[in-house]
Protein chains: 2
Amino acid sequence: MENPLDSVFAALADPTRRAILAMLLEDDMAVTDVAEPFEMSLAAISKHLAILTRAGLISQEKRGRVKWCKLEPDALREASVWMQSFGQFEPVNLDAFERFLEAELKD
Amino acid sequence: MENPLDSVFAALADPTRRAILAMLLEDDMAVTDVAEPFEMSLAAISKHLAILTRAGLISQEKRGRVKWCKLEPDALREASVWMQSFGQFEPVNLDAFERFLEAELKD
DNA sequence: AGGATCGTCAACCATTTGGTTGAATATGCC
DNA sequence: GGCATATTCAACCAAATGGTTGACGATCCT
């Protein structure tokens, strides 16, 4: 995967990883804490975090024995810009956004 | 893959499929014409088009023996909205966009 | 009818993906 | 030192992905 967009979009394609990003939106977190709400092994979450890191969507910094995960908005922004380059999109429509949030809540 | 974002982002993760979308930005195209610039079989392109269709990113309509492919911006817009929900992004930054285009041209 | 063109289907293959478990490494605590 | 905690590594597995080829069904043209 040469083009950075490949790894960014591939990373975003997994719901577990999108959920992790949403969690990190709140605050930086340790790997164990990221894993806590998920019904899957710590090793699996560790792999997801590695994928997000390779995509540039998060960064990880080890302090002591805990590794802190931090959202890195730049990569996401690049993907967002790619989408916007499909120019006919009017700048974000709040109605669409509200419908989206409503749809999310139904799940 | 239940969440529509799964299939949209998965579809966008492949460079061939992003290239197809960019082509369709110009105009609607027949499957054979979509396939022409790629060094891969028609069947492979047909599969890529099926993936884009399932993701809702394009639609296909058969008229006579040719099947026309048409960009469907709504699914893309939904993904774009999801990204924007990572709110700290200021509304699209033209400088970032110009840097992006410049970087693309270098390839 | 017969032939060429458009596109998909089916079977197959190699590679990647997303998960598991158990062992290993590194750090902090007493 | 010795134990608990935090995280990754390695080997493995099932399923999905991205490609191939060859046969097939539709449609158009003469």
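Every chain is numbered from 1, with letters handed out A, B, ... down the list of sequences. Predicted model only: the values in this text are computed from it and were never measured.
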Checklist entry - Does the side chain of B:Leu12 reach to within under 4.5 Å of the side chain of B:Leu76, using non-hydrogen atoms? => result yes
Checklist entry - Pick the nucleotide of DNA chain C nearest each of A:Arg65 and A:Asp14; which residue has the one closer to the 5' end? => result A:Asp14
Item to check | Rounded distance (Å) that lies between atom P of C:dG7 and atom CE of B:Met29 | outcome: 11 Å
Next on the checklist: Just the rounded figure in Å: distance from P of C:dT16 to CZ of A:Phe9.
Outcome noted: 22 Å
Item to check | Euclidean distance, atom CH2 of residue A:Trp68 to atom C1' of C:dT27 [Å, nearest integer] | outcome: 15 Å
Next on the checklist: How long is the straight-line distance from CD1 of B:Ile45 back to CD1 of B:Ile20, given to the nearest 0.5 Å?
Outcome noted: 4.5 Å
Checklist entry - CG of B:Leu52 versus P of D:dG18: gap in Å, rounded? => result 11 Å
Checklist outcome for this item: The side-chain contact (heavy atoms from CB on, under 4.5 Å) partner of A:Arg54 among A:Leu52, A:Ile51, A:Leu57, A:Ile58 is A:Ile51
Next on the checklist: Are B:Asp6 and A:Arg18 packed together at the side-chain level, in the sense that at least one heavy-atom pair is separated by less than 4.5 angstrom?
Outcome noted: yes
Checklist entry - B:Arg63 near the nucleic acid: base, sugar-phosphate alone, or nothing, with a heavy-atom cut-off under 4.0 Å? => result nothing
Checklist outcome for this item: When rounded to whole Å, the NZ to P distance for the pair B:Lys67 and D:dT27 reads 12 Å
Next on the checklist: Expressed as a whole number of angstroms, how long is the span from B:Asp6:CG to C:dG18:P?
Outcome noted: 10 Å
Next on the checklist: How long is the straight-line distance from CD of A:Glu36 back to CG of A:Leu42, given to the nearest 0.5 Å?
Outcome noted: 11.5 Å
Checklist entry - Taking a hydrophobic cluster as the set of Ile, Leu, Val, Met, Phe, Trp and Tyr residues connected by side-chain heavy atoms closer than 4.5 Å, whether directly or through intermediates, do A:Phe38 and A:Leu71 fall within one such cluster? => result yes
Next on the checklist: With the threshold set at under 4.0 Å for non-hydrogen atoms, list the residues of residues 38-49 of chain A touching DNA chain D in residue-number order.
Outcome noted: A:Leu42, A:Ala43, A:Ser46, A:Lys47
Checklist entry - Tell me: CG of B:Asp33 to P of C:dC6, nearest whole Å? => result 8 Å
